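Worksheet: the structure to be examined is printed underneath.
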Amino acid sequence: MEAPRSEAELLERARVFAGCTLAEVALATGIDLPAEPARAKGYVGTLVERALSISPAPGVAGPDLAELGIEVKTIPLAAGGRPRESTFV
């Protein structure tokens with residue numbers, strides 16, 4: 001699948017995974033869950049990029065979707081859906 005060509009297309013893809021667990025997203029993308037998630041830095045970001053068909057250029061500074069000016073970020077959430085840490089965007 002190609003990278004999203006618009007913000008609307010990116011949101012449409014993201015909504016498919018709304019409410020899903022990481023295990024469900026991993027299953028849908030064919031990526032194995034790490035044996036020790038606490039030691040798998042970057043796993044969630046990679047998983048989300050794969051799920052949304054985002055392939056940022058390795059080693060190149062700038063947004064994940066440079067042509068759209070969009071940087072995709074992940075944040076850890078508590079069970080109630082609130083961020084576990086303070087986040088400024």
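Note: hydrogens, waters and symmetry copies are ignored here, and every other heavy atom, side chains too, is used. For clarity, every value in this text was computed on a predicted model and none was experimentally measured. If you read the sequence from its start, that first residue is 1, and numbering goes on from there.
R82 CZ to I75 CD1: the interatomic distance, rounded to the nearest 0.5 Å, is 12.0 Å.
No donor-acceptor pair under 3.5 Å is formed between the side chain of R84 and the backbone N or O of P76. Formation of a donor-acceptor pair under 3.5 Å by the E12 side chain with backbone atoms of A8 is not found in this model.
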- Can you check side-chain contact (heavy atoms from CB on, under 4.5 Å) on E49 and D64, steps first, answer last? CA-CA 9 Å; E49 287 173 350; D64 294 321; 3.7 Å; yes
- Message: Let's go through I54 and V72 carefully: what are the C-alpha distance in whole Å and the side-chain angles of both, what is the deciding distance for side-chain contact (heavy atoms from CB on, under 4.5 Å) to 0.1 Å, and is it a yes or a no?
- Response: CA-CA 9 Å; I54 297 170; V72 176; 3.5 Å; yes
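The shortest distance between side-chain heavy atoms of R50 and I31 falls below 4.5 Å. A 4.5 Å side-chain heavy-atom check between P63 and I70 finds every atom pair outside the cut-off.
The two atoms that bring Y43 and L33 nearest to each other are OH-CD2, 3.3 Å, heavy atoms only. Across R13 and S53, no two heavy atoms sit closer than the pair NH1-CB, 3.1 Å. A26 and L47 make their closest contact through CA-CD1, 3.6 Å (heavy atoms, listed as atom of the first residue, atom of the second, distance). Shown here for A28 and F17, the closest heavy-atom pair between the two residues is CB-CE2, 3.9 Å. Taking both residues in full, the closest heavy atoms of L68 and E7 are given as CD1-N, 4.1 Å, listed atom of the first, atom of the second, then distance.
Hydrophobic clustering of Ile, Leu, Val, Met, Phe, Trp and Tyr side chains at less than 4.5 Å, counting indirect connections, unites V16 with L52.
The 12-atom threshold is not exceeded at CD of E2, counting heavy atoms of other residues, nucleotides or ligands nearer than 6.0 Å.
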